[in-house]
Amino acid sequence: MERHREPIETSLLRVLHVLLTEQSVSRAAIKLGLSQPAVSNSLRRLRAITGDPLLVRCKNGMVATGRGRELLVHTAEALAAIDRITQPPSAFSPEQTTREFKIGAPDYLDALFLPKIAEMLFKQAPAARLIVHPINAEFDYQGALESGALDIVVGNWLAPPAQLHTSQLFEDEVVCMLGLHHPLASKGISLKHYLNMKHLAPTPYVSARTSFIDGYLAEHGHKRNIQMTVPYFGLVPYILMSTDMVFTTGRQFAQHYARYLPVQVLESPVKFPPMRFYQLWHERAHQAPEIVWLRRRITEVAAQLAG
């Protein structure tokens, strides 16, 4: 039958470590600030718990047994682990960190927002790594935040998931975007035009969710004619340059491409509410110093773009 052993508490573990290090009851007592009888009593308990003498007498005093020398390594590791658990986390140093930060985002943020985040990150944390994961209808971003596969998700939602922490980053005006060759590019778009035009639309990045645009139109008794959906926003301006379709999107995205390509940005004939962009994170990372730092940097980037 297995003999029941007394559990070992942290204070007794510290006595064991000092005894094995000093190999002397009297020196251990001085170092621990305890009386010699108290340390001797602890040694008796430790012998009973481990089933080993731990320290034995020799001509020059005491020496650790083979099991004692083995336990010296284990006690050092155990006490270090306990200290890490019980002490507050050390301050996060972006200048020294080599951490890999993982952000999930739909690719319409690639054009402007994500490059600015990368610029900021590598200026302040030059040895860090940044992994951007695309968010689409098949990807469980909530599960990824919960498991730690992602640190933060950035995107726009009508109502962000209630079970996640959220912080609003910025708002963006909804506009229309079409090729510069389009007959309406220089005239503007009426509501009648808008509803009759052929629309290019993004593939939803949240499964089974009505898009922000189509949901608002439906609320007001309208429906647009979506002729094509595309999973990659980077394709949008090139498709518009080759077709007579229109794309409804945020002004930041549209104006970015209008600076470099023959596409036109027009006011929307539908007065959509602004697109609201958020960053989302899970409770598991809510107080992690490095994630708090990253959230603040993302907020700063958003403020710069909004300004």
Side-chain angles (χ1 to χ4, degrees), residues 1-102 124-125 127-129 131 140 142-152 163-165 280-296:
M1 181 181 295
E2 183 179 352
R3 184 164 63 89
H4 175 72
R5 296 189 186 276
E6 179 186 355
I8 185 167
E9 66 267 18
T10 302
S11 59
L12 195 57
L13 195 63
R14 295 192 188 279
V15 172
L16 173 59
H17 184 260
V18 174
L19 275 169
L20 293 172
T21 302
E22 299 294 331
Q23 300 190 99
S24 165
V25 170
S26 59
R27 289 198 299 272
I30 293 170
K31 193 165 187 177
L32 291 164
L34 300 172
S35 67
Q36 285 194 37
V39 175
S40 295
N41 183 56
S42 294
L43 179 57
R44 283 193 294 272
R45 288 180 60 197
L46 287 163
R47 285 168 168 165
I49 291 170
T50 62
D52 188 270
L54 300 175
L55 292 172
V56 293
R57 294 195 176 276
C58 65
K59 63 179 181 179
N60 295 321
M62 302 188 82
V63 64
T65 64
R67 175 64 172 158
R69 290 193 296 273
E70 179 185 338
L71 290 178
L72 179 59
V73 176
H74 295 327
T75 56
E77 293 174 347
L79 289 170
I82 290 170
D83 287 342
R84 287 194 297 271
I85 292 170
T86 57
Q87 291 177 0
S90 56
F92 173 67
S93 173
E95 297 83 4
Q96 298 178 352
T97 188
T98 58
R99 193 190 194 281
E100 182 178 274
F101 292 101
K102 295 159 290 189
Q124 299 187 29
R129 296 182 65 206
I131 306 298
D140 178 13
Q142 296 187 53
L145 288 171
E146 183 176 346
S147 69
L150 290 180
D151 298 316
I152 290 174
Q163 65 270 34
L164 295 173
H165 289 278
L280 315 179
W281 65 96
H282 193 269
E283 175 64 27
R284 68 187 302 280
H286 185 54
Q287 297 184 26
E290 67 276 17
I291 306 303
V292 172
W293 176 84
L294 180 61
R295 294 199 307 263
R296 289 173 178 168

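For reference, positions follow the sequence shown, starting with 1.
- Leu294 CG to Gln124 CD: the interatomic distance, rounded to the nearest 0.5 Å, is 10.5 Å.
- Among all heavy-atom pairs drawn from Ser42 and Leu12, the shortest one is CB-CD1, 3.7 Å.
- Leu79 contributes atom CG, which lies 4.5 Å from atom CG of Leu13 (distance to the nearest 0.5 angstrom).
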Run the side-chain donor-acceptor check on residues 25-38: report pairs under 3.5 Å with partners two or more places apart or on a different chain.
unit_1 : atom_1 : unit_2 : atom_2 : d
Ser26  : OG     : Ser24  : OG     : 3.0
Arg27  : NH2    : Glu22  : O      : 2.4
Lys31  : NZ     : Glu22  : OE2    : 3.3
Ser35  : OG     : Ala38  : N      : 3.2

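- Residue Asp151 is tested with Arg284, Arg99, Arg295 for a salt bridge (charged side-chain N to carboxylate O under 4.0 Å, His left out); the sole match is Arg99.
- Note on ring orientation: taking the six-membered ring where Trp is involved, the planes of Trp281 and His286 are parallel (angle under 30°, cut-offs 30° and 60°).
- Taking CG from Leu43 and CZ from Arg45, the interatomic distance works out to 11.5 Å, rounded to the nearest 0.5 Å.
- Within a 6.0 Å radius of CD in Gln96, no more than 12 heavy atoms belonging to other residues, nucleotides or ligands are found.
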Distance-only donor-acceptor hits, side chain of residues 71-78, under 3.5 Å, sequence neighbours excluded:
unit_1 : atom_1 : unit_2 : atom_2 : d
Thr75  : OG1    : Leu71  : O      : 3.0
Thr75  : OG1    : Leu72  : O      : 2.9

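- To the nearest 0.5 Å, atom CD1 of residue Ile8 and atom OG1 of residue Thr50 are 8.0 Å apart.
- Rounded to the nearest 0.5 angstrom, Leu150 CG and His282 NE2 are separated by 12.0 Å.
- Among all heavy-atom pairs drawn from Ala125 and Thr97, the shortest one is CB-CG2, 4.0 Å.
- The shortest side-chain heavy-atom distance between Gln23 and Val63 falls under the 4.5 Å cut-off.
- Here the CZ-CG distance, from Arg47 to Leu55, works out to 6.5 Å after rounding to the nearest 0.5 Å.
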